[in-house]
Amino acid sequence: MLEIINLKASINKRDILNGLNLKINPGEVHAIMGPNGSGKSTLANILSGKNGYKITGDLKYKGENLKDIPVEQRAQKGIFLAFQYPLEIPGVNTNNFLKTSLNTIRKAKGEKEIDTLAFLKLVKEKAKELGIDEKILSRQLNVGFSGGEKKKNEILQMKILDPNLVILDETDSGLDIDALKTIADGVNSSRSKDKSFLVITHYQRLLDYIKPDFVHVLSSGKIIKSGSRELALELEKKGYKKIN
Amino acid sequence: MKNSNINTNQEYKYGFTTDIENVRAPKGLNENSIKFISKMKKEPKWMLDWRLKAFNRLKNLKEPNWQKPKYPKINYQDLYYYSAPKSASNKPKSLDEVDPKLIETYKKLGIPLQEQKRLSGVAVDAVFDSVSVATTYKEELTKKGIIFCSISEAIREHPELVKKYLGSVIPLTDHYFATLNSAVFTDGSFVYIPPKVKCPMELSTYFRINASETGQFERTLIIADKGSYVSYLEGCTAPMRDENQLHAANVELVALDDAEIKYSTVQNWYPGDKDGIGGIYNFVTKRGACRGRNSKISWTQVETGSAITWKYPSCILQGDNSVGEFYSIAITNNHQKADTGTKMIHLGKNTKSKIISKGISAGQADNTYRGLVDIGKKALNSRNYTQCDSLLMGNKCGAHTVPYIKNKNSTSTVEHEATTSKINDEQLYYCNQRGLNQEEAVSLIVNGFCKEVLQQLPMEFAVEAQKLVGISLEGSVG
Amino acid sequence: MIENFKISLKEIDKINLINQEDKNYRIENLEFFNKKGFPTKKEEDWKFSDLREIFSKNFKKIDINDAYPEENNFRLIQEFDHNYILLINGRLIRSDFKFEDKNKIKITGYKEENFLREKSNNPLICLNNALSNEGYNLVVEKDYKFEKVLVIYNLFNEDLSEKILNNKNKIIVNKNSELHTIEYTINRSKNKFFNNTYENVILYENAKFKNICIQAGRSEGYFHKFLNGSIKSDSKYSSFIFSSGLKFNKQDIQIDLEGKNSDCEIKSALFLNKEDHQEIKTIVNHLVPNCKSFQKIKSVLDSNAKGVYQGKIFVKDIAQKTNAYQLSKALLISENSEFDSKPELEIYADDVKCSHGSTSGNVDENSVHYLMTRGLTKKEATQLLINGFLKEIISEIKSDTIKKFVENKLEFQVYGY
Ligand SMILES: Nc1ncnc2c1ncn2[C@@H]1O[C@H](COP(=O)(O)OP(=O)(O)OP(=O)(O)O)[C@@H](O)[C@H]1O
Ligand SMILES: [Mg+2]
């Protein structure tokens, strides 16, 4: 699904990633943990195609080189990023945004556009699964949403857009215990053979719910250790300093 | 920002001309052409006298030059002041008599001129070049006592109302273009809503300039009598021509006690091509008087067309507790120039006004908000809130905010806020990550930016306006 | 004597030490002034302050001042240590830089050659160009930071009556230097006169200049000052303006941010009373990228006072990453007071953050009510609130002794004791 080979990235003359390698097969769930500022969000941004980084190395998605593919085309090809800090866009109705987004992606896949009624039905169903109050969906996108509502809204978008590679950037931070569980359920119920997940988190607790196949430790722009789910437990006990 | 594939400015959708035989006044601005207009319209003598009085005053007035957009001198002697489709010179009694070519034109414009069996019926008065060609839904309105007809007809049929109110909000000699209009206005709409009547449907006028070398000077007069309500819509288009055409309309609104008038405009005159050749000069005077207690006038405008737009829909808040509102979106692209805003003159007690202005400038365009809020000494406990936001796309365009704020009253409050910025890159990125391309993302964010104004428009108009916002900015992102 | 406020060309002959070129320049300017006269509200810049009307109401005649008497019983501020220069009717009388390295400071009186012969459309600048022959010229050499504040005593003597004074001042702060001044106006005349000043400030790279403008008490003066600042890279201009107690005062400030990372800050707290009419007009021109500007004007208007703020932010197309903000707030506390404003933005670069806000209205009723439930009278509550409203600006003065000094002056105006 995704292959990252010797990825180096810098921004504003600052090196952030220093030779990162990672391979994710279809159906796998990978977790990335690492201290603040180690480059986790940077990695997520680069995978989504954000501009402004100086990049060397290779990114391959479903066998295709991602270089030169702009953000929206990556999204249309099935890469979805749940942002660490979802943005507020004033004046733009959340439902409306979701529908536009879904339809561009469907169009790109050669599928038929969804009509308003079918769309509303879909949203209603997914929102209910996630315990999202429908009212917030007729509000402006993320404007005035609570921290948790924003995060849930990201997961709702994931469910509706039905991507192949999902990157969750600290989607668990700032959630209450129930919400954490709903989000994990949201992810678990989407797991399938042709879907892969890259879960960035600081907390082992999330990994109790979403059971990853692999756990990686990112530090100073490199993966310094990879292992199974036990690695997360070890990290929780020892902290990052003692790993190595 | 990355480069996405950029369309060149999409062709102006309404840029066709209609091949129709016209009756024209002799070229030039003089007493004879004014008499010609008056005669063609079978006007009573008092109306001709009124026109001539304006014409005499005009001789002593100068064209204003304080506004930001400058334009080459207009040769007023080189214009036709009256042009009418021949078939309309005897006004048709019903739609069946209207020239089928005209009906075809309006179909292309998407105007529901035929009385279609639609739930949300819109009564339409259509002005083609200089004359009103058809008014729909007349009977239904007449039952309620509502008068909705062309101003020419009103002059003949309802002289007492016209005499009483015409020129009562925009005086004969207000300024150059308003006076010019008073002398040569050809047609426009007239609306009278009797006391306590809520007009059951949106009233609407579509303006179309078709003939070349013709100035269009409509005059609209709307009177909402005590306790009545009306919502009025105005749309405008013109063919693409590489000459500049002058459009100098006057619109007067009068709201009596407890009456409310909502006036919405979607202005999409031909803006000129991407090098700034051609396009309409849209020099319009719009003014409303909240004459009665508790009256309300609300202006909403979406200005996307014209080479130069220059208008300030205003409210004179005379009645105690009266309310004035101004919601505006002005989009300028390529070489367009817009200088627009409002005046809120607070005279009565407890008067309130609200101004929301959204300016978007792209290409080499210039966009100015110019406004006046004046709280008089007697306007106790009055309030104004103003919010002016500008978006710039690129560094070849300009945004200018020029508010004049006068507060002579210690019990009144004035609040004004303004910002200028560009589209937020992070917001664009977020939309891109959800699969939207650059232009879709811009259109979405800009529509969000304009939301407060768009939601003031009646439904059918809002959809059209939203599309227009997107189209007007095409080719401006990169 | 000036007939209909027109000034005879002979007045120029009274100014000595000028060459022919100079004379022609002055004549040209005077002719322009005579043609235009005192500005009226028809002119955009004077829309809210019709000077001609104000003059014809208050002056029967007006003459050019030519008296510069010696000082008598002039006392220095005691509250804090300072350097000073003393001006009487605009003329530099003496200076004292006892806290500073004297090699680093140059101070002289008015010098023709210090000013470019620029053309102006502003009649008052032309009037100044035609007739000014007093003022001061201050240069701070490079790499020097002032130890103590410099107070500019601007004293007007008792005998001024129906006179016009025209002065020109220039302040240059060279590279890496710092200057802090207080312009302290003391007005002894009980009569009407008109003071018309032109000031030019140049800050070179990485220089800092801070000025506080304050008056000793109420007076019958009519003042106009045009200030032009040219700010080079990494330098910072900051100015505090406090109430003048003058009958009429217009400060017309134009700051050109010419070098990258330069910064301009203008703050004002005004309490206007009686028939006071005070206008502040600012234009900040962002001409290069990465500059900041900030204006905050707070006014309280009592009695028949009128306050005006016209502020413009201009951003040139190349001036990306500009950050400009402007705020004006006014409290109208009497029926007959008036506040007018024109906050203007003219912007040609897109990657900028520019905004302004302007509010005017009465003291917040809820706050008055709250204070009254705590036992204050309505008047006390209002005074407390307006004092707090204005103090916000004063609290930004760094030096405690100077802050206290300014506070006392302001409280005197607000409470009348
Ligand atoms: N635009 C930028 N300019 C300069 N430095 C940047 C920029 N963006 C990120 N950085 C720096 O790069 C480093 C990595 O940032 P990143 O956001 O990827 O960290 P992170 O691992 O996601 O941290 P956290 O756990 O706090 O979310 C940080 O030190 C950050 O300050
Ligand atoms: Mg992060």
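Each chain gets a letter, A, B and so on, in the order its sequence line appears, and its residues count up from 1.
For the set B:Leu392, B:Thr419, B:Asn407, B:Thr413, the entry with the most heavy-atom pairs within less than 4.5 Å of chain C is B:Asn407. Your options are B:Gly398, B:Ala418, B:Ser412, and the one with the most heavy-atom pairs under 4.5 Å with chain C is B:Ala418. Each of C:Asp350, C:Leu331, C:Leu332 has some count of heavy-atom pairs under 4.5 Å with chain B, and the biggest count is that of C:Asp350. Most heavy-atom pairs under 4.5 Å with chain B, from the set C:Thr359, C:Leu345, C:Asn362: that is C:Leu345.
Under the 4.0 Å criterion applied to side-chain N and carboxylate O atoms, C:Lys321 and C:Asp351 are assigned as salt-bridge partners. A salt bridge does not link C:Lys281 to C:Glu344: none of the charged nitrogens lies less than 4.0 Å from a carboxylate oxygen.
The distance from atom NZ of C:Lys292 to atom NE2 of C:His286, rounded to the nearest 0.5 Å, is 11.0 Å. Note: C:Lys329 NZ to C:Ser299 OG = 12.0 Å, rounded to the nearest 0.5 Å.
In this pair, B:Trp310 and B:Phe177 present their aromatic rings perpendicular. The plane angle is above 60°, beyond the 30 to 60° band.
Heavy-atom distances place both the backbone and the side chain of C:Ser341 under 4.5 Å from chain B. If you measure heavy-atom distances from C:Phe48 to chain B, the contacts under 4.5 Å come from the side chain alone. Interface remark: C:Gln320 contributes side-chain atoms only to the contact with chain B (heavy atom separation under 4.5 Å). C:Lys47 touches chain B through its side chain: at least one heavy atom from C-beta onward sits under 4.5 Å away, while N, CA, C and O do not. For B:Lys408, the parts lying near chain C are the backbone and the side chain together; criterion is any non-hydrogen pair under 4.5 Å. Only the side chain of C:Glu44 comes within less than 4.5 Å of a heavy atom in chain B; its backbone stays farther off.
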Output, in order, the C-alpha distance, side-chain angles, deciding distance and verdict of salt bridge (charged side-chain N to carboxylate O under 4.0 Å, His left out) for B:Asp389 and B:Lys358.
-> CA-CA 5 Å; B:Asp389 296 312; B:Lys358 306 281 176 180; 3.0 Å; yes

Apply side chain to side chain contact (heavy atoms under 4.5 Å, CB included) to B:Asp339 and B:His400, showing your working.
-> CA-CA 9 Å; B:Asp339 192 315; B:His400 199 164; over 6 Å; no

